[in-house]
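Step one of this worksheet: look at the structure below.
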Amino acid sequence: MAKVLLLNGSPHAKGCTATALEEMIRVFQAEGLETELIHVGNQPIRGCLSCGFCGKNGRCVVNDLVNETAPKLEAADGLVIGSPVYYGSPNGTLLSFMDRLFYSTSFSKQMKVGAAVVSCRRGGNTASFDVLNKYFTISGMPVASSTYWNQVHGFTAEDVRKDLEGLQTMRNLARNMAFLIKAIADGKAKYGLPETESGAFTSFPDGK
Ligand SMILES: Cc1cc2nc3c(=O)[nH]c(=O)nc-3n(C[C@H](O)[C@H](O)[C@H](O)COP(=O)(O)O)c2cc1C
């Protein structure tokens, strides 16, 4: 059974972001997909140390929820990153988690379907959405989209339940994501994964 991993970057287990993710989970389950929701935002997650330990050992030097989540991401066919907006950006705990999760894992994420979901009271949503989508688009991950940018509005979960268009956007996003996951599984069986070139690592104009 295909599996979707969902990350809640909010400190609140039952807040606005969780309400958006739960709306998606109901659709995934109706579509026959397995789901797992991981609460990231209530954990003491430090940022990347850029120490290089992961390059040699295949895991982060800080042994916390990042290393616990890595095998779950490897097994997943889709990833939803949910975050509240803090000062116009995704929540800092979630960003520390995402940097370390993506940097410390060498397995291919190619063709795992990604979707970012943000929750704000009033503003900073699209800037935060852009930041989260960057994890997917540097990793060969197709990005699922919806009928609006993937956002809900509210200060409390109760507010989000009144954001009917936001919830509709979540349901349409989950349906599109489920379709992509199934279509990619068929495509992989028929064509295999596309080739990925590597080796070029250009930091300077002379290519060295
Ligand atoms: C530190 C902090 C910064 C915030 N910054 C913003 C902001 O820039 N724009 C905004 O609309 N809401 C902002 N908010 C409100 C939250 O983004 C909003 O209430 C969100 O829906 C909460 O989601 P949650 O219940 O999942 O935590 C901020 C809240 C906090 C705690």
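Just so you know, ligand 1 is whichever comes first in the structure, and atom 1 is the first atom listed for that ligand. Only heavy atoms go into these numbers, but all of them, side chains included; no hydrogens, no water, no symmetry mates. Keep in mind the model is a prediction, meaning the values are calculated, not measured.
Of all protein heavy atoms, the one lying nearest to atom 5 (N) of ligand 1 is Y87 N, 2.9 Å. Among all non-hydrogen protein atoms, the one lying nearest atom 19 (O) of ligand 1 is G154 O, 3.2 Å. The closest protein non-hydrogen atom to atom 9 (N) of ligand 1 is G123 O, 2.8 Å. In this structure, the protein non-hydrogen atom closest to atom 12 (N) of ligand 1 is R121 N, 3.4 Å. The nearest heavy-atom contact from the protein to atom 3 (C) of ligand 1 is Y86 CA, 3.5 Å. If you check which protein heavy atom lies closest to atom 14 (N) of ligand 1, you get V85 O, 3.3 Å.
Not one N or O of P11 is nearer than 3.5 Å to an N or O of ligand 1, by distance alone. When only interatomic distances are considered, the shortest N/O to N/O separation between P84 and ligand 1 does not fall below 3.5 Å.
At distances below 3.5 Å, not a single donor-acceptor pair connects side-chain atoms of E74 with backbone N or O atoms of T105. With hydrogens and angles disregarded, a donor-acceptor distance shorter than 3.5 Å links the side chain of S146 to the backbone of T169. In this structure, S83 contributes its side chain and N91 its backbone to a donor-acceptor pair below 3.5 Å. Side-chain atoms of K109 do not come within 3.5 Å of backbone N or O of M141 as any donor-acceptor pair.
Heavy atoms of G124 stay at 4.0 angstrom or farther from ligand 1.
Those atoms of ligand 1 that come under 4.0 Å of a heavy atom in C16, given as number and element, are 21 (O), 23 (O), 24 (P), 25 (O), 26 (O). Listed by atom number, the atoms of ligand 1 under 4.0 Å from R122 heavy atoms are 10 (C), 11 (O). Heavy-atom contacts of S10 reach the following atoms of ligand 1: 24 (P), 26 (O), 27 (O) (cutoff under 4.0 Å).
You'll find the side chain of T126 reaches within 4.5 Å of the side chain of Q151, heavy atoms only. E68 places none of its side-chain heavy atoms less than 4.5 Å from the side chain of I38.
With 3.5 Å as the limit, one finds a donor-acceptor pair spanning the side chains of Q29 and T35.
The minimum heavy-atom distance linking H153 with R122 is given by the pair CE1-O, 3.8 Å.
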